[in-house]
S.K.: 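Encoded as structure tokens, here's the structure I'll be asking about.
Note: hydrogens, waters and symmetry copies are ignored here, and every other heavy atom, side chains too, is used.
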Amino acid sequence: MRRKLSIRLHAWLIQHCPQLLMELQHQFMVSDYLSNKIKSIGELLNALLETGHPDYIIEEECMDALTSDLLPSRYDYLYELVEEEFPVEFEQWKRNGIIVYELSNLVNECNPVFDLFAFSQDNQDDRELYYTITGSVSAYLEQSAETEMA
């Protein structure tokens, strides 16, 4: 079960937090990170296994625990925002195969704003946050355009 959870967590990171995964890869820490996350839910996993629940329920409850500190996903938030507010750039990034790269850069660029607003599930729909992040994305796009022209 632990191996299955590790595989699912890795796949989840690829989809929802690729910037974190890239950082871990750069530091050669992916295996350690996954192992430590699985260890962190050891008591929960053991308790669930003892109850005799079906594997799929155990997996879902464990995945909820494994990803709780990573939600809401800043990457997913930016994905939706850029798709909605900057559709030309979004489609261009997708077409050029650089969407994960660019959105990961945007996560790093917008982290100070996310931190300032204490980004959480409680405030992810805050309009002021949305407009501030949109402004940061706009500035990033302008800076990128200037860099390309130089």
S.K.: Excluding sequence neighbours, so at least two apart, what forms side-chain hydrogen bond (donor to acceptor under 3.5 Å, both in side chains) with D115?
M.R.: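 Testing D115 for side-chain hydrogen bond (donor to acceptor under 3.5 Å, both in side chains), a comparison that skips the adjacent residues, returns R74.
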S.K.: Is there a path of hydrophobic side-chain contacts, each under 4.5 Å between heavy atoms, that joins L44 and W12?
M.R.: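 Yes, L44 connects to W12 through the hydrophobic network.
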S.K.: Could you state the interatomic distance from NE2 (H10) to OG (S6), rounded to the nearest 0.5 Å?
M.R.: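 Answer rounded to 0.5 Å: 8.0 Å.
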S.K.: Can you name the closest pair of heavy atoms from N123 and A118 and give their distance?
M.R.: ND2-O, 3.5 Å
S.K.: Would Y79 end up clustered with L129 when hydrophobic side chains under 4.5 Å apart are linked, directly or stepwise?
M.R.: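 Yes, same cluster.
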S.K.: Check for me, please, whether L5 and L49 land in the same ILVMFWY cluster - side-chain distances under 4.5 Å, paths through other members count.
M.R.: yes
S.K.: Is the backbone N or O of Q143 less than 3.5 Å from a side-chain atom of T147, with the two atoms forming a donor-acceptor pair by type?
M.R.: yes
S.K.: May I ask whether F119 and V82 are part of the same hydrophobic cluster, defined by side-chain heavy atoms of I, L, V, M, F, W, Y residues being less than 4.5 angstrom apart, directly or through others?
M.R.: yes
S.K.: Side chains of L78 and F114, heavy atoms from C-beta outward: is any pair under 4.5 Å?
M.R.: yes
S.K.: Given V137, which of L81, V113, L103 fulfils the side-chain contact (heavy atoms from CB on, under 4.5 Å) condition?
M.R.: L81
S.K.: Do I7 and I41 sit in one hydrophobic cluster, given that two such residues count as connected whenever their side-chain heavy atoms are within less than 4.5 Å of each other, even indirectly?
M.R.: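 Per the 4.5 Å side-chain linkage, I7 and I41 are not co-clustered.
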S.K.: Side-chain polar contacts of residues 51-73 - donor-acceptor pairs under 3.5 angstrom, sequence neighbours left out - could you list them?
M.R.:
residue: T51; atom: OG1; partner: L48; partner atom: O; Å: 2.6
residue: T51; atom: OG1; partner: H53; partner atom: N; Å: 3.4
residue: T51; atom: OG1; partner: H53; partner atom: ND1; Å: 2.2
residue: E59; atom: OE1; partner: R8; partner atom: NH1; Å: 3.0
residue: E59; atom: OE2; partner: K4; partner atom: NZ; Å: 3.2
residue: E60; atom: OE2; partner: R8; partner atom: NH1; Å: 3.1
residue: E60; atom: OE2; partner: R8; partner atom: NH2; Å: 2.9
residue: T67; atom: OG1; partner: M63; partner atom: O; Å: 2.8
residue: S68; atom: OG; partner: A65; partner atom: O; Å: 3.2
residue: D69; atom: OD1; partner: K37; partner atom: NZ; Å: 2.7
residue: D69; atom: OD2; partner: K37; partner atom: NZ; Å: 3.2
residue: S73; atom: OG; partner: H16; partner atom: O; Å: 2.5
residue: S73; atom: OG; partner: Y75; partner atom: N; Å: 3.3
residue: S73; atom: OG; partner: D76; partner atom: N; Å: 3.0

S.K.: Please collect all side-chain hydrogen bond (donor to acceptor under 3.5 Å, both in side chains) contacts where either partner lies in residues 38-48, sequence neighbours excluded, each pair once.
M.R.: R2-N46
S.K.: Between side-chain atoms of residues 18-34 and protein atoms elsewhere (two or more places apart, or another chain), which donor-acceptor pairs fall under 3.5 Å?
M.R.:
none

S.K.: To the closest 0.5 Å, what do you measure between CD1 (I133) and OG (S138)?
M.R.: 12.5 Å
S.K.: For E128, give me all partners under side chain to side chain contact (heavy atoms under 4.5 Å, CB included), at least two apart in sequence or on another chain.
M.R.: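 Partners of E128 by the side chain to side chain contact (heavy atoms under 4.5 Å, CB included) criterion, ordered by chain and then number, come out as F117, D126, T132.
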S.K.: Indicate every side-chain donor-acceptor pair of residues 83-101 with a distance under 3.5 Å to a residue at least two apart or in another chain.
M.R.:
residue: E84; atom: OE2; partner: Y130; partner atom: OH; Å: 3.1
residue: E85; atom: OE2; partner: Y130; partner atom: OH; Å: 2.7
residue: N96; atom: ND2; partner: Q92; partner atom: O; Å: 3.3

